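Atom set for the values below is all heavy atoms of this structure, side chains included, hydrogens, waters and symmetry mates excluded. Quick caveat: nothing in here was measured; it's all calculated off a predicted structure. Order of the sequence lines fixes the chain letters, A, B, ..., with proteins taken first and strands second; residue numbering starts at 1 for each chain.
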Amino acid sequence: MANNIQSIRGMHDILPDSTPLWQHFEKIVRTLLGNYGYNEIRMPLVEQTDLFKRAVGEVTDIVEKEMYILENRKDSEGSEPFSMALRPEGTAGCVRAGIQAGLIFNQQQRLWYAGPMFRAERPQKGRYRQFTQIGVETFGFAGPDIDAELIAISARLWKQLGLRNIHLEINSLGTLEARQAYRQLLVDYFSDQQELLDEDSKRRLHTNPLRILDSKNPAMRELVAAAPNLHEHLDTESAEHFSQLQSLLDGMGIPYRLNPRLVRGLDYYSRTVFEWVTDELGSQGTVCAGGRYDGLVEQLGGRPTPACGFAMGVERLILLLETQNIPTPATAPDLFMIMAGDKAIQAGLGFAEQLRDNLPDLRLVSNCGGGNFKTQMKRADKSGAAFALILGENEIERGEIGLKPLRTKGEQINLPFSSLTAHLSQLLENAKQH
RNA sequence: GUGACUGUAGCGCAGUUGGUAGCGCACUGGAUUGUGAUUCCGGUGGUCGUGGGUUCGAGUCCCAUCAGUCACCCCA
């Protein structure tokens with residue numbers, strides 16, 4: 001025990017206990033995104049470090065202290081080694097891929113991706129060093145209709161998953177220019193009152209001044225309340241965009257809360273930003289977040305292209321599904337085949353394959369590893385199977401196989417080999433209807 | 001990164017002022033020589049997260065370290 005190697009801090013296994021829930025979740029997301037006309041894209045887990053610096057922002061926590069950085073090895077051609085990083089988020093790589101492949105050159109794209117991201121933060125429940133995001137990105141749509149579509153997708157997803165108690169908050173940061181101007185205004189305001197700022201806020205003055213507005217420190221409340229108001233400094237186009245989005249959401253019947261202090265941490269956001277939050281996961285309550293990033297494509301070397309997207313934290317949503325006790329579709333087998341004696345094993349494994357030929361959807365577990373009837377019955381029960389198929393010396397001699405219900409009261413019956421497929425197919429049909 | 005709490009069998013937990021470990025579930029054998037889940041009886045399983053220290057003696061006290069959890073920070 002003592003010297004066993006452990007998984008790396010903040011990086012966890014997803015064990016067979018929870019993979020059915022993950023698969024259920026992934027299936028719903030995949031289908032939903034496909035239905036809305038989104039196409040999957042898959043990017044490498046590793047990119048040049050510079051990509052993240054340029055996209056996410058040099059002075060964000062993510063690039064300053066949370067990236068896993070490695071050095072690319074020299075190849076045989078003698079090319080120079082360079083810095084690369086495990087991706088801390090997906091948007092940067094997606095934009096890079098889109099530009100590189102010419103996907104977002106003067107055209108519309110609806111894309112999604114899923115996979116692990118890496119940030120060297122201090123782990124907590126709902127916050128891991130390797131975590132899974134499903135990201136949805138759109139390119140070439142300038143209007144608020146796509147913002148509304150993205151929000152509608154996420155809202156529908158919660159509904160399909162059966163999740164409750166997730167609330168939508170929205171805000172607008174204005175264009176990049178308006179945001180920069182407002183940011184300067186804030187920096188000036190807070191710099192004048194520096195002696196009133198707490199430690200965190202002093203630091204934020206350089207990293208993310210908008211963040212000061214969202215300070216949890218009650219001592220900061222008065223100072224924050226008197227600060228310049230973001231919405232009074234929105235450019236008129238952004239204000240118009242934002243109010244159109246609100247009326248679209250109203251029209252779709254999606255409730256939301258205006259949160260003027262909602263600020264996304266990544267530099268590339270502009271105009272619409274939104275978050276889905278729950279109070280059931282402690283301080284990691286943001287379960288999905290996104291917004292518009294109209295400047296990013298150009299900033300990474302592409303043509304100016306409007307863009308909007310969001311990402312959800314899969315671990316957090318899985319946690320929420322678990323805390324809300326949302327049932328997972330059953331994965332138990334239909335049948336467990338018990339075989340006692342060499343003849344029965346010889347015949348039984350043959351039958352099992354025939355059954356699988358005839359009934360492709362059949363979920364059948366064959367007993368392996370021997371054991372007497374009692375042991376095998378226990379295994380059958382533990383497997384969760386609805387029925388046990390029972391094959392011993394007696395059955396072989398009579399040309400029959402036993403079928404015993406394990407979850408209902410009924411009696412065990414014996415069937416001739418020849419009618420087995422027909423009978424089982426009827427059983428499966430009945431089971432489907434319940 | 002800062003502060004706090006926790007770590008005892010596969011899992012969930014108890015262990016008194018320091019005297020070398022126990023319960024439930026799970027697993028397994030039997031009651032039931034070809035039938036599970038229920039019931040009854042028995043059994044396996046722990047260098048007490050790791051490494052040092054104090055002590056005649058440490059699961060218990062001290063230090064360090066690793067991991068988890070909570071809050072902050074940050075974010076999905």
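Rounded to whole Å, the separation between the P atoms of B:C25 and B:G42 comes to 13 Å. Nucleotides B:A64 and B:U28 have their P atoms positioned 45 Å apart, rounded to a whole Å. For B:G30 and B:G46, the P atoms lie 23 Å apart once the distance is rounded to whole Å. The C1' atoms of B:G12 and B:U8 are separated by 12 Å, rounded to the nearest whole Å. Rounded to the nearest Å, the gap between the P atom of B:U65 and that of B:C27 is 41 Å. Rounded to a whole angstrom, the distance from the C1' atom of B:G15 to that of B:G1 is 37 Å. Comparing B:U50 with B:C11, their P atoms are spaced 14 Å from each other, to the whole Å. B:A21 and B:U60: their P atoms are spaced 14 Å apart (whole Å).
Look at CD on A:Glu169: it is 15 Å from P on B:C75, rounded to the nearest Å. Between the C1' atom of B:G36 and the CG atom of A:Asn372 lies a distance of 12 Å, rounded to the nearest Å. Note: CG (A:Asp61) to C1' (B:C75) measures 9 Å, nearest angstrom. Taking atom CZ of residue A:Arg129 and atom C1' of nucleotide B:A76, one finds them 17 Å apart after rounding to whole Å. If you take CG of A:Leu266 and P of B:C75, they are 7 Å apart, rounded to a whole angstrom. Rounded to an integer number of Å, the gap from A:Asn394 CG to B:U35 C1' is 13 Å. Between the P atom of B:A76 and the CZ atom of A:Arg316 lies a distance of 8 Å, rounded to the nearest Å. In this structure, CZ of A:Arg379 is placed 12 Å from C1' of B:C27, rounded to the nearest angstrom.
Remark: A:Arg211, A:Lys216 in residues 206-225 of chain A come within less than 4.0 Å of RNA chain B through at least one heavy atom.
Defined by atom type and a distance below 3.5 Å, a donor-acceptor pair is missing between the side-chain atoms of A:Asn171 and A:Asn259. With no hydrogens or angles considered, no side-chain donor-acceptor pair links A:Thr138 and A:Gln109 at under 3.5 Å.
Contacts of A:Ile390 with the nucleic acid, taken as non-hydrogen atoms under 4.0 Å apart, include base atoms. Residue contacts for A:Lys65: at a heavy-atom cut-off of 4.0 Å it reaches no nucleic acid atom on any strand shown. Using a 4.0 Å heavy-atom distance criterion, A:Ala289 is classed as a sugar-phosphate-only contact. Backbone-only engagement by A:Glu66 is indicated by non-hydrogen atom pairs under 4.0 Å involving sugar-phosphate atoms exclusively. Counting non-hydrogen atoms under 4.0 angstrom, A:Arg119 reaches a base of the nucleic acid. The residue A:Glu199 sits apart from the nucleic acid: no heavy atom pair falls under 4.0 Å.
Taking the ring-ring contact (aromatic ring centres under 6.0 Å, His included) definition, one finds that A:His12 meets it with A:Tyr128, sequence neighbours left out. Applying the salt bridge (charged side-chain N to carboxylate O under 4.0 Å, His left out) criterion to A:Arg398, with sequence neighbours excluded, gives A:Glu400. A:Phe351 pairs by the ring-ring contact (aromatic ring centres under 6.0 Å, His included) definition with A:Phe417, not counting sequence neighbours. Under the rule for a ring-ring contact (aromatic ring centres under 6.0 Å, His included), A:Phe25 has no partner lying at least two apart in sequence or in another chain.
More than 12 heavy atoms of other residues, nucleotides or ligands lie within 6.0 Å of CG in A:Leu15, so this atom counts as buried by the packing criterion. Residue-environment remark: CD (A:Glu40) exceeds the threshold of 12 foreign heavy atoms within 6.0 Å. For CZ of A:Arg156, the number of neighbouring non-hydrogen atoms (other residues, nucleotides, ligands) closer than 6.0 Å is 12 at most. Atom CZ of A:Arg407 sits in a crowded spot, with more than 12 heavy atoms from other residues, nucleotides or ligands closer than 6.0 Å.
Under the salt bridge (Lys or Arg N to Asp or Glu O under 4.0 Å) criterion, no residue pair touches residues 8-27 of chain A, with sequence neighbours excluded. Among residue pairs with one or both ends in residues 268-286 of chain A, those qualifying as salt bridge (Lys or Arg N to Asp or Glu O under 4.0 Å) are A:Glu237-A:Arg271, A:Arg264-A:Glu275; sequence neighbours excluded.
Side-chain atoms of A:Gln376 come within 3.5 Å of backbone atoms of A:Gly371 as a donor-acceptor pair (strictly under, hydrogens ignored).
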What N/O pairs connect the protein and nucleotides 37-45 of chain B at under 3.5 Å? Give each pair on its own line.
unit_1	atom_1	unit_2	atom_2	d
B:A37	O4'	A:Asp381	OD2	3.1

Restricting both atoms to N or O, compile the protein contacts to nucleotides 64-70 of chain B shorter than 3.5 Å, with distance only.
unit_1	atom_1	unit_2	atom_2	d
B:G68	OP1	A:Gly10	N	2.9
B:G68	OP2	A:Arg9	NH1	3.2
B:C70	OP2	A:Lys125	N	2.7

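Of the candidate nucleotides B:C27, B:C73, B:G36, B:C73 has the atom nearest to the side chain of A:Asp200. Closest approach to the A:Lys404 side chain among B:U35, B:C73, B:A76 is made by B:U35 (side chain taken as heavy atoms from C-beta onward).
Taking the nucleotide of RNA chain B with the nearest heavy atom to each of A:Glu89 and A:Phe373, the more 5' of the two is matched to A:Phe373.
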Which side-chain N or O atoms in residues 48-57 of chain A pair as donor and acceptor under 3.5 Å with protein atoms at least two apart or in another chain?
unit_1	atom_1	unit_2	atom_2	d
A:Thr49	OG1	A:Ser83	O	3.2
A:Thr49	OG1	A:Ser83	OG	2.6
A:Thr49	OG1	A:Met84	N	3.3
A:Thr49	OG1	A:Met84	O	3.4
A:Arg54	NH2	A:Gln299	O	3.2

Taking distance alone, no hydrogens or angles, what donor-acceptor pairs closer than 3.5 Å link side-chain atoms of residues 178-187 of chain A to residues at least two apart or in another chain?
unit_1	atom_1	unit_2	atom_2	d
A:Arg179	NH1	A:Asp267	O	3.2
A:Arg179	NH1	A:Tyr269	O	2.3
A:Tyr182	OH	A:Pro228	O	2.7
A:Tyr182	OH	A:Leu230	N	3.3
A:Gln184	NE2	A:Asp188	OD1	3.1

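Under 3.5 Å, the side chain of A:Gln412 and the base of B:U35 form at least one donor-acceptor pair of N or O atoms.
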Dot-bracket for RNA chain B, 5' to 3', Watson-Crick and G-U pairs with both distances under 3.5 Å, [ ] for crossing pairs, | for partner on another strand, reads (((((((..((((.....[..)))).(((((.......))))).....(((((..]....))))))))))))....

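Looking only at side-chain heavy atoms (C-beta outward), A:Glu149 and A:Tyr36 come within less than 4.5 Å of each other.
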